[in-house]
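Step one of this worksheet: look at the structure below.
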Amino acid sequence: MSDIVIKTENITRILTGEVPVTLVADAGLEIRRGEFVVITGPSGSGKSSLLYLLGLLDTPSSGTIWMNGENVSTYSEDRLAKLRLADVGFVFQFHFLLPEFSALENVMLPMQRLGGLPDTQVRTRAASLLTDLGIEKQQHKLPHQLSGGQSQRVAIARAMANNPQLILADEPTGNLDSASSENVENILKDLAHEYNRAVAVVTHETRIASAADRVITIVDGRIHV
Amino acid sequence: MRLLAHIAFKHLLARRRQSLVSLLGIILGVSFFLTISSLMQGSEKEFIRVLIDNMPHIFITDTYRNPSLQPVEQFYGRSGAIEVRSVKPLTETRGIRGFEQIVDYLRSIPGINASPVLSGQGVLSFAGKNIGIVLDGMIPEDIKDVVTIQDYMISGSLSDLIANPSGIILGKELLRTFSLKRGDNITVTAPTGQIRTFKILGVFNTGRAEYDLNHGFVSLKRMQALMDRPHRANTIIVKLSDPYRARAIAADLESRIGYKSISWQESSEDLMSTLAIRNIIMYSVVSSVLIVAAFGIYNVISTVVMEKHRDIAILKSMGFLARDIQRIFVIQGFILGITGSLLGLPLGSALMYAIMQIEFKPPGSTEPIVMPLDWGWMQFAIATGFALSAALIAAFLPARKGARVQPVDILRGGI
């Protein structure tokens with residue numbers, strides 16, 4: 001089995017409208033298992049758009065996306081959603097936890113949607129993920145009762161819930177103080193190196209970029225190697 | 001589905017106050033719907049019951065629905081070159097000819113009971129006071145099987161007319177107005193000029209003041225003598241074991257015996273259409289309560305959808321399907337609808353019970369009556385079904401909008 005988790009071939013994303021806007025142009029890249037990739041570039045360069053394409057949240061206007069060796073560009077919305085559920089985990093700049101659910105429940109959600117595990121096991125696994133990330137004491141708290149760093153760790157735990165092969169993070173430290181930022185950065189790095197996940201992080205922060213296995217720079221929607 | 005229901009429930013709990021207001025709308029809507037529909041159905045049933053009980057199911061009168069054809073018309077038909085002018089029908093004594101045979105024939109049919117009546121006007125005189133009344137001459141042994149007057153007797157009995165053919169049964173109102181009492185003698189003058197003295201043998205009280213003042217019952221023989229119409233009856237009253245077959249049976253009888261046979265449905269057609277119109281109006285009014293409540297649900301769920309755009313984007317990015325999102329919001333409508341119904345039904349039942357305790361005396365009635373209610377599983381099912389449908393439709397529209405949210409649009413906006 002190939003180590004390549006996700007691969008794009010000449011993908012372009014154009015926002016149609018009165019004045020069409022090219023978000024991503026002719027991008028080709030691949031991310032392997034155990035690789036910690038940083039996507040960087042100036043604001044509005046198309047980093048997040050590329051990340052959404054990699055995470056199958058958006059579909060390219062042209063080009064092909066391969067996931068685990070399968071061409072997923074032609075998949076229906078439902079099929080892509082199922083793929084995201086099982087194989088992709090997202091972490092966003094703002095933690096985006098569901099406010100009515102406790103930290104534990106937020107982590108349980110993707111597992112419950114995927115199904116296949118009894119509730120007790122789902123709960124145990126969610127608690128274990130929170131313990132691994134050092135926030136087991138906060139598991140019953142609601143998102144508004146957590147600090148920024150704690151919330152982001154809950155978001156990471158949620159992204160890991162279904163044991164996905166690909167973890168994508170969009171400015172995960174953009175809203176954190178430096179200590180929390182370093183902590184989150186280390187967790188993401190560990191996910192790649194210790195848990196053998198493919199991790200792609202969009203960031204402005206040079207410190208994270210310096211820790212990456214590979215840095216992809218994007219300017220005006222085009223990848224500069 | 002359990003997970004989606006859990007999320008839906010959490011959303012509603014997060015907006016407790018608005019959810020509660022919507023719920024209250026459904027609860028009140030269901031309870032009003034239940035109460036009013038039971039009241040409507042009860043009053044309609046009671047009305048028809050009274051109608052059926054107090055009036056003959058079929059009247060056979062001494063008239064014809066269509067004028068009888070002249071011999072020349074029978075032979076040549078109505079169209080053609082022949083015109084007959086100044087035709088005068090034969091003069092004959094009014095009444096149903098051979099009514100005894102007709103009554104015997106009717107009684108031979110299972111489920112049908114019949115009794116002849118000769119009705120006419122008379123002027124009752126007592127102590128210098130006069131009043132016009134309608135007199136029904138009947139056979140006391142038979143009449144009890146076709147009319148309910150015996151049930152309203154407060155003194156004496158129709159059977160007393162058997163022992164004393166010169167007796168009369170009068171209404172309570174008439175006795176009160178004329179300061180009469182049972183055992184008193186009164187005189188009745190017929191349009192023929194005949195005058196007879198009758199002894200009051202019984203008193204009835206139907207509760208309908210007009211009827212109790214203007215009606216009297218005497219024996220058929222005495223009435224025939226008074227009206228100078230021997231061996232005649234002008235009405236045959238028919239009672240059926242299944243009153244709702246009256247229309248069909250009346251048509252059949254008319255075709256067999258020729259005399260105009262009027263079913264209770266035909267004679268009350270205007271009332272029945274009034275009832276139908278009344279029902280439409282009342283159901284529209286009550287349904288509008290639920291429709292307003294549905295707007296409340298629409299409002300709450302629309303607001304939740306708008307507020308939850310970011311959460312929808314997150315759920316979709318996690319891998320929730322568009323139909324999952326739609327279901328979450330439809331379930332919210334379902335929760336509000338079913339909870340509203342479950343709480344509205346007992347409240348409606350309590351309201352109905354309270355209304356059933358109310359006694360009042362409507363104008364024209366001499367006895368207090370209670371509000372007639374008719375409740376059954378059908379009303380409960382209709383109220384629940386209507387509330388649930390209204391709630392689901394109200395939830396479906398914003399739910400569909402929620403399902404169409406594109407996560408990328410929301411995430412790009414950084415909401």
Side-chain angles (χ1 to χ4, degrees), chain A residues 13 15 21 23 44 46 48-49 51-53 55-59 76-102 105-115 119 122 142-143 155 158-159 161-162 164 168 170-171 174-175 202, chain B residues 1-20 300-301 303-329 331-332 335-336 399-415:
Chain A
R13 177 71 171 104
L15 271 188
V21 180
L23 301 173
S48 295
S49 298
L51 197 80
Y52 300 149
L53 287 166
L56 313 178
L57 268 180
D58 201 3
T59 45
S76 67
E77 204 176 306
D78 279 4
R79 222 169 149 193
L80 288 175
K82 283 174 186 163
L83 211 55
R84 278 200 303 275
L85 183 65
D87 289 329
V88 184
F90 277 101
V91 181
F92 299 99
Q93 178 177 1
F94 303 97
H95 56 78
F96 284 170
L97 299 175
L98 300 186
E100 299 87 5
F101 292 82
S102 69
E105 287 171 328
N106 262 286
V107 180
M108 286 166 70
L109 274 175
M111 289 186 269
Q112 288 172 317
R113 180 63 192 88
L114 187 66
D119 256 13
V122 167
L142 291 171
R158 186 177 65 184
N162 284 337
L168 303 168
D170 190 7
E171 302 276 11
N175 215 24
V202 163
Chain B
M1 194 55 90
R2 218 181 68 193
L3 173 66
L4 304 183
H6 182 56
I7 297 172
F9 194 66
K10 288 265 188 183
H11 280 174
L12 288 177
L13 280 184
R15 296 184 65 83
R16 272 192 194 84
R17 208 167 58 183
Q18 286 93 332
S19 302
L20 211 64
V300 167
I301 296 177
T303 313
V304 173
V305 167
M306 281 208 302
E307 282 181 357
K308 296 291 174 192
H309 268 189
R310 199 194 65 183
D311 292 3
I312 293 169
I314 296 305
L315 288 170
K316 279 193 158 183
S317 74
M318 266 186 224
F320 279 68
L321 306 176
R323 61 172 174 272
D324 292 336
I325 305 299
Q326 186 163 323
R327 279 176 191 164
I328 287 171
F329 295 107
I331 289 170
Q332 288 180 31
I335 291 172
L336 289 174
R400 197 175 55 168
K401 200 174 164 191
R404 287 177 180 167
V405 166
Q406 289 301 318
V408 174
D409 295 340
I410 307 301
L411 297 171
R412 265 199 201 107
I415 299 164

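Only heavy atoms go into these numbers, but all of them, side chains included; no hydrogens, no water, no symmetry mates. Naming convention: chains lettered A, B, ... in sequence-line order (proteins, then strands); numbering from 1 in each chain.
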Taking atom NZ of B:Lys401 as the centre, does the number of heavy atoms from other residues, nucleotides or ligands within less than 6.0 Å exceed 12? no

Is it the backbone or the side chain of A:Leu114 that comes under 4.5 Å from a heavy atom of chain B, or both, or neither? neither

Side chain / backbone / both / neither for A:Leu51 at chain B, heavy atoms under 4.5 Å: neither

Is there a side-chain contact (heavy atoms from CB on, under 4.5 Å) between A:Phe96 and B:Asp311? Walk through the geometry before answering. CA-CA 7 Å; A:Phe96 284 170; B:Asp311 292 3; over 6 Å; no

Side chain of A:Arg84, backbone of B:Lys316: donor and acceptor closer than 3.5 Å? yes

State whether the number of non-hydrogen atoms from other residues, nucleotides or ligands found under 6.0 Å of A:Glu77 atom CD is greater than 12. no

Heavy-atom pair with the smallest gap, counting every atom of B:Val408 and A:Leu57: CG2-O, 3.3 Å

Side-chain contact, heavy-atom cut-off 4.5 Å: B:Ile314 with A:Phe90? no

Chain A: which of B:Arg2, B:Lys308, B:Gln406 shares the most heavy-atom pairs with it under 4.5 Å? B:Lys308

Mind checking whether A:Arg113 and B:Asp324 have side chains closer than 4.5 Å, heavy atoms only? yes

Okay, A:Asp87 and chain B: the region with an atom under 4.5 Å from a heavy atom over there is neither

Student check: side-chain heavy atoms of A:Val88 and B:Met318 closer than 4.5 Å: no

4.5 Å side-chain heavy-atom contact, A:Leu98 and B:Arg310: no

Taking everything shown except B:Phe9 itself, do over 12 heavy atoms lie less than 6.0 Å from its CZ? no

About how many Å separate CG of B:Leu4 and CD of A:Gln112, when rounded to the nearest 0.5 Å? 10.5 Å

Which atoms of A:Leu168 are under 4.5 Å from chain B, going by heavy atoms: the side chain, the backbone, both sets, or neither? neither

Given A:Phe92 and B:Ser317, is the side-chain contact (heavy atoms from CB on, under 4.5 Å) satisfied, shown in steps? CA-CA 11 Å; A:Phe92 299 99; B:Ser317 74; 3.9 Å; yes

B:Leu321 vs A:Leu85 side-chain heavy atoms within contact, under 4.5 Å: no

Go through the atoms of B:Leu315 and report whether side chain, backbone, both or neither lie under 4.5 Å from a heavy atom of chain A. side chain

